[in-house]
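Report on the structure given below.
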Amino acid sequence: MDSQKYMSIGQCYSKEKENTAVGKGCILTSNITVRPEAIDFEQEALQRIISTLANKNDEIQNFIDTLNHTLKGVQENSSNILSELDEEFDSLYTILDEVKESMVNSIKQEQARKSQELQSQLSQCNNALENSEELLEFATRSLDIKEPEEFSKAARQIKDRVTMASAFRLSLKPKVSDNMTHLMVDFSQERQILQTLKFLPVPKAPEIDPVECMVADNSVTVAWRMPEEDNKIDHFILEYRKTNFDGLPRVKDERCWELVDHIKGTEYTLSGLKFDSKYMNFRVRACNKAVAGEFSDPVTLETKALNFNLDGSSSHLNLKVEDTCVEWDPTGGKGQDSKIKGKENKGSVHVTSLKKHTRSGTPSPKRTSVGSRPPAVRGSRDRFTGESYTVLGDTAIESGQHYWEVKAQKDCKSYSVGVAYKTLGKFDQLGKTNTSWCIHVNNWLQNTFAAKHNNKVKALDVTVPEKIGVFCDFDGGQLSFYDASSKQLLYSFKTKFTQPVLPGFMVWCGGLSLSTGMQVPSAVRTLQKSENGMTGSTGSLNTVAQ
């Protein structure tokens, strides 16, 4: 801390004699005089220190949460990896068991085949030996025959039997050998492969390049690169989430990460986003065929845009309002009207005011008793009433450039879109005062499309688009309306806003829906550069509102 900038309280004290009178501009406390301006200065310095410490404590707490979350993640991921490792080895064991069983079956089949061949050959040999022994015995006995005829007959029999004997037709060579070496295995190569098993090479964490990232047209393009070339990368995974905190992601952030998988390139565009938070966090990881690497360092990109809802607390009773939708409700407020009708008649101030404002160019429904003033909601402005079927946004525009879009129901009879000061009266209609600007669409009795301000009307010779884009440049004093699809300019007001403005909407017999959280489209920004000078045809409606 700069000692010259922040003085210690001791430097502001001066010792005085005891019981001395209070000096001018000083407070006497015992024998020490303290100057009030010194106390104020020290209080301001202390407030800065407190603010700095609070911010630092918040950062440290966020880091502690991150560490705890990471520690929990290490434990959970380690447990998951161990389970996966067990599964992989179990799968490997299963494969080995299957291969072993197949090989064992092959050996057994070969053993059975050879055994069957040898058993058959052995049986034949035994039969041949038995017959040969019987013939040998017969021949030996024949040698003892004395009669020549008998001996000749026996000799011929022996000769015939020898000729037909199976012993002389046998092959005395085994049909199969006892060699089983052709079924031997050599697992030396496989054993070497198994011994070289190691963890897969994990892809390195990519690096997001903030300079190459782009936020435009409610889309975000995220670009990254690898710290070194890796030709084994198969795809990338991008995760993102919205946040209102600048800097690193917070563990306690209520929003979860959203994931985009199987990105083949090193760039990805998220489109059609609603920017309902100030920032978005992004991180990316690389994956090969088997494993995902670590996430990149997260990058925070600003995605701030105007977000607002409709202020239902002050809208006309005949309007049904829900956040970003408003619909005409002809039965609205009837119950409350009957309750306050008597009180309203007693003090005819509001009735008189209503009569003064019944003459209007805005198409009117069949008269329904709307009442002039329901009980006001505490802390809110009075409700719009009479023929001012109006609802305002709940967020004021005080600076900057902003954009939102409005879509009308197909059967909507009449509606207006624009901006107004907070001071817009409860009987006032958009565009009929010097505190409101709008474009008005009338599809009742006759079709008209016009720009309105300060009760002046400028007919627009363009087709009413399906969706209208509203661009408000508060600092530049410009309010422009566009075809939201083609970005064709419909009309521009050039003025000087002297107060904050609120988005304003009028609707009768139909409904409107809003799209907020939108950036100013690039096409609109480009058109604004060439459209700064207003044309003469719009000059009659361009004024400085007080």
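This one's a predicted model, so the numbers in the text were calculated from it and none came from an experiment.
- Salt bridge status for R283 with E239: present, with a side-chain N to carboxylate O gap under 4.0 Å.
- Side-chain atoms of P521 and Y403, non-hydrogen and from C-beta on, do get closer than 4.5 Å to each other.
- Of the inter-residue distances, the one linking L238 atom CG with S296 atom OG reads 8.5 Å to the nearest 0.5 angstrom.
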Between S513 and V406, does the side-chain contact (heavy atoms from CB on, under 4.5 Å) criterion hold? Intermediate values first, please.
CA-CA 6 Å; S513 59; V406 184; over 6 Å; no
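- At a threshold of 4.5 Å between non-hydrogen side-chain atoms, the residues V391 and F384 do not count as touching.
- Taking every heavy atom of both residues into account, V501 and C472 meet most closely at CG2-SG, 4.3 Å.
- With contacts defined as side-chain heavy-atom distances shorter than 4.5 Å, the pair F282/T300 does not qualify.
- Considering NZ of K320 and CG of L310, their distance stands at 13.5 Å, rounded to 0.5 Å.
- Minimum interatomic distance between Y421 and T498 (heavy atoms only, all atoms of both residues): OH-N, 2.9 Å.
- In this structure, the side chains of L273 and V220 come closer than 4.5 Å at one or more pairs of heavy atoms.
- Under a cut-off of 6.0 angstrom, the local environment of CD in E466 is sparse, with at most 12 non-hydrogen atoms contributed by other residues, nucleotides or ligands.
- Using a 4.5 Å heavy-atom threshold, the side chains of K458 and Y491 count as touching.
- The pair K204-D230 does not meet the salt-bridge criterion, since no charged nitrogen lies less than 4.0 angstrom from a carboxylate oxygen.
- Between W508 and W328, the ring planes lie perpendicular to each other; the angle is over 60°, past the 30° to 60° tilted range.
- No side-chain donor-acceptor contact under 3.5 Å links S277 and N244.
- F89 and Y93 have tilted rings, their planes meeting at an angle from 30° to 60° on a 0 to 90° scale.
- Scanning all heavy atoms of the two residues, the minimum distance from A223 to E212 falls at CB-CB, 3.7 Å.
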Stepwise side-chain contact (heavy atoms from CB on, under 4.5 Å) check, L424 with T433:
CA-CA 8 Å; L424 184 69; T433 68; 3.6 Å; yes
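- Judged purely by atom type and a 3.5 angstrom limit, T70 uses its side chain to pair as donor or acceptor with the backbone of T66.
- Within the 6.0 Å centre-distance limit, the rings of W437 and F497 are counted as a close aromatic pair.
- Annotation: Y268 is not in aromatic contact with W224 [ring centroid separation under 6.0 Å not met].
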Show your working on side-chain hydrogen bond (donor to acceptor under 3.5 Å, both in side chains) between S188 and D186 and close with a plain yes or no.
CA-CA 6 Å; S188 58; D186 179 12; 3.0 Å; yes
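- In this structure, the separation between CG on D86 and CD1 on I81 is 11.5 Å, given to the nearest 0.5 Å.
- The only option from N218, T243, V215 that meets the side-chain contact (heavy atoms from CB on, under 4.5 Å) definition with T303 turns out to be V215.
- Across every non-hydrogen atom of E207 and P227, the tightest pair is OE2-CB, 3.7 Å.
- Between the side chains of S314 and D311, a donor-acceptor pair is found at a separation under 3.5 Å.
- Environment of CD in E322: sparse, with no more than 12 heavy atoms of neighbouring residues, nucleotides or ligands closer than 6.0 Å.
- Within 6.0 Å of atom NE2 in H235, more than 12 heavy atoms from other residues, nucleotides or ligands are found, so the atom counts as buried in its surroundings.
- Between Q61 and N57 there is no side-chain heavy-atom pair separated by less than 4.5 Å.
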Report the C-alpha distance between V507 and E327 in whole Å, list the side-chain angles of each, state the deciding distance to 0.1 Å, and finish with yes or no for side-chain contact (heavy atoms from CB on, under 4.5 Å).
CA-CA 7 Å; V507 61; E327 286 192 15; over 6 Å; no
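- Salt bridge status for D234 with K264: present, with a side-chain N to carboxylate O gap under 4.0 Å.
- Within a 6.0 Å sphere centred on CG of D297, heavy atoms belonging to other residues, nucleotides or ligands number 12 at most.
- Q478 and Q401 form no side-chain donor-acceptor contact under 3.5 Å, judged by distance and modelled atom types alone.
- Within 6.0 Å of NZ in K487 there are more than 12 heavy atoms belonging to other residues, nucleotides or ligands.
- When each of V441, N442, I439 is paired with Y415, the side-chain contact (heavy atoms from CB on, under 4.5 Å) condition holds for V441 and for no other.
- The shortest distance between side-chain heavy atoms of L319 and H316 falls below 4.5 Å.
- Within 6.0 Å of the NZ atom in K274, the count of heavy atoms belonging to other residues, nucleotides or ligands exceeds 12.
- Between S414 and M506, the closest heavy-atom pair is OG-CE, 3.5 Å.
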Tell me, with the steps shown, if Q499 and E398 meet side-chain hydrogen bond (donor to acceptor under 3.5 Å, both in side chains).
CA-CA 7 Å; Q499 302 176 34; E398 300 180 2; over 6 Å; no
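- The side-chain heavy atoms of N281 and V299, taken from C-beta on, include no pair separated by under 4.5 Å.
- Residue E302 qualifies as enclosed at atom CD: its count of foreign heavy atoms under 6.0 Å is above 12.
- For the 3.5 Å distance criterion, the side chains of T269 and T221 qualify, holding a donor opposite an acceptor.
- Among all heavy-atom pairs drawn from S492 and S480, the shortest one is OG-OG, 2.6 Å.
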